[in-house]
Amino acid sequence: MIAAQPRTGLIVAGPKDFSLEDTLTCGQCFRFFPQPDGSFEGVAQGRFLKIAQQNDSLLFYNTSPEEFEGFWRGYFDLDRDYGAIKQRLSQDKTLKKAAEYAPGIRILKQDFWEALCCFIFSQNNNIKRIMGITERFCEAFGDLLPQGRHSFPSSDRIAPLSREDLCPLRCGFRADYLLDAARKVSSGEIDGPKIRGMPLEEARTVLQTIRGVGPKVAECVLLYGLNRLDAFPVDVWIKRALDRYYGGTLPNTIKEYAGIAQQYLFHYIRTAEKKA
DNA sequence: AGCCAGGGTCTGC
DNA sequence: GCAGACCATGGC
C-alpha cells in the first residue's frame, strides 16, 4: 500500500472508496482545515498532520512510517472494506443512490473525549462555529505543537475549571455541559472503553447521564468517538430522509452498518435538497 | 434584519 | 408522555 517514502512523510497509493475532502468536511470532525493548495491540516491525538489527495493517492506529510502504521492508518479506517459494505447497503434502492453521491466517505476513528466535547459544542450550532469554538478550546487549554496548532486538552485539565474560565471559548450555555462531561470522564464515572463494549441501548443511557448529552449527541459520540458503526444519529435531515424514503424507520437489514448508511443518507438528502 | 445552526432542558399540561 | 419556550453566539 505504501508506494514511496519522501523525507517529509509518505504516500499511500490508490486507496479505494476514499475521498479525503468528503471525509473531512461531512461534519464528523472539526479540527481539519482546508488549505489554499487543496490539502488539509489537522491535529489528532496530539499529532499534527498535513494531508492531500492527488491522482488517487494520499500524501501524508509530517509523519513517519511508524506513526502512519501506528495511528493514521487506523484513524482514517484504511483497512476496512467500504466497497463490501456499500454493496450490502445497496440492496436498498435509496441507499444505493445515496452511496453513489459520496462514495468516498469514511468514518474516522476519533478520540472518545474529543468527540464528546465537539458534539456537545455542536448542539444547536453550525459547523463553522463548532470548529471555531473547538480551536479556541485547544488554544486556551491544550499544548502548543511545533507547527503552531494545539493538542486537544485532557479531561483532567478541564475538570477543575469554572464556568468563568471557559468564557474565552464563547460557547454560551454549552460551558456547563462541557464541565459536567469533564468531571465525569476525569473521575472515571464515564469510561469510553467500557461504554464501547456495552449493548447499544445501555451505552446510550450511560452517555445521556451527562448534562447536555441527549439522543443525538450520544449517538454521534458512539459513532465517531467509539467507532460503533451500528449507532445512528438522527437530526432533522435524517428524520426527513426516514420519513420520505422509509416511512419512519430504517430497514433491519442495514443495522450492523447503520452509522455508515447514515453518513451516506445525510450527504445525499442535503445535496438533493440544495439542487431542488 | 432575521432566521437558523448536525439539540437539550425545563416547565406546564 | 408531549409541546413549547428558552438557552448564547455568530454565519449567512
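Atom set for the values below is all heavy atoms of this structure, side chains included, hydrogens, waters and symmetry mates excluded.
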Checklist entry - Between Asn125(A) (CG) and dG8(B) (P), how many Å, whole number? => result 13 Å

Item to check | Residue whose nearest DNA chain B nucleotide is more 5′ - Phe266(A) or Gly212(A) | outcome: Phe266(A)

Checklist entry - Will you find, in the side chains of Glu114(A) and Tyr224(A), an N or O donor that is under 3.5 Å from an N or O acceptor? => result no

Checklist entry - Would Ser39(A) and Asp37(A) count as having a side-chain donor-acceptor pair, cut-off 3.5 Å? => result yes

Next on the checklist: So Lys128(A), base contact, sugar-phosphate only, or nothing? Heavy-atom distance under 4.0 Å.
Outcome noted: sugar-phosphate

Next on the checklist: I'd like the P distance from dG10(C) over to dT9(B), given in whole Å.
Outcome noted: 23 Å

Next on the checklist: Just the rounded figure in Å: distance from P of dC4(B) to CD1 of Ile127(A).
Outcome noted: 18 Å

Next on the checklist: Applying a 4.0 Å non-hydrogen cut-off, can you work out what Tyr224(A) is touching in the nucleic acid: base, sugar-phosphate, or nothing?
Outcome noted: base

Checklist outcome for this item: Of Arg136(A) and Gln123(A), the one whose nearest nucleotide on DNA chain C sits closer to the 5' end is Gln123(A)

Next on the checklist: Side chains of Phe18(A) and Tyr82(A), heavy atoms from C-beta outward: is any pair under 4.5 Å?
Outcome noted: no

Checklist entry - To the nearest angstrom, how far is Ile130(A) atom CD1 from dG6(B) atom C1'? => result 7 Å

Next on the checklist: Looking at every non-hydrogen atom in both residues, tell me the closest pair between Ile238(A) and Gln262(A) and how far apart they are.
Outcome noted: CD1-O, 3.7 Å

Next on the checklist: Ignoring hydrogens and geometry beyond distance, is a side-chain donor-acceptor pair present between Ser162(A) and Asp165(A) at under 3.5 Å?
Outcome noted: yes

Item to check | ring centroid sep under 5.5 Å plus plane angle under 30, Tyr177(A) with dG8(B) | outcome: no

Checklist entry - Is NZ or CZ of Arg88(A) both nearer than 6.0 Å to the six-membered ring centre of Tyr257(A) and within 45° of the ring axis? => result no

Item to check | Spacing of the C1' atoms in dC2(C) and dG6(B) (rounded, Å) | outcome: 23 Å

Item to check | Atom pair distance, as rounded to whole Å: CG in Asn124(A) and C1' in dG8(B) | outcome: 9 Å

Item to check | Inter-nucleotide P distance (dA8(C), dA1(B)), Å rounded | outcome: 22 Å

Checklist entry - Side chains of Glu21(A) and Thr25(A): do they bring a donor and an acceptor to under 3.5 Å? => result no

Next on the checklist: Say we look at dC3(B) and dC6(C): how far apart would their P atoms be, to the nearest angstrom?
Outcome noted: 15 Å

Next on the checklist: So Glu219(A), base contact, sugar-phosphate only, or nothing? Heavy-atom distance under 4.0 Å.
Outcome noted: nothing

Checklist entry - How long is the line joining CD1 of Ile105(A) and C1' of dG6(B), in whole Å? => result 13 Å

Item to check | Check: Asp92(A)/Tyr246(A) side-chain N/O donor and acceptor closer than 3.5 Å | outcome: yes

Checklist entry - What integer number of Å spans the P atoms of dG8(B) and dG11(C)? => result 23 Å

Next on the checklist: Mind checking if Arg174(A) touches a base, just sugar-phosphate, or nothing, with heavy atoms under 4.0 Å?
Outcome noted: base

Item to check | Spacing between Leu207(A) atom CG and dG8(B) atom C1', to the nearest angstrom | outcome: 15 Å

Next on the checklist: Considering every strand and a 4.0 Å limit on heavy-atom distances, what is the contact class for Pro233(A): base, sugar-phosphate, or nothing?
Outcome noted: base

Checklist entry - Between atom CZ in Phe119(A) and atom P in dG8(B), what is the gap in whole Å? => result 12 Å

Checklist outcome for this item: Rounded to whole Å, the CZ-C1' distance (Phe173(A) to dG7(B)) equals 7 Å

Next on the checklist: Please classify the nucleic acid contact of Arg129(A) as base, sugar-phosphate, or nothing, using heavy-atom distances under 4.0 Å.
Outcome noted: base

Next on the checklist: Base, sugar-phosphate or nothing for Cys118(A)? Non-hydrogen atoms, less than 4.0 Å.
Outcome noted: nothing

Checklist outcome for this item: Nt span of DNA chain C in reach of chain A heavy atoms at under 4.0 Å, 5' end first, is dC7(C) to dC12(C)

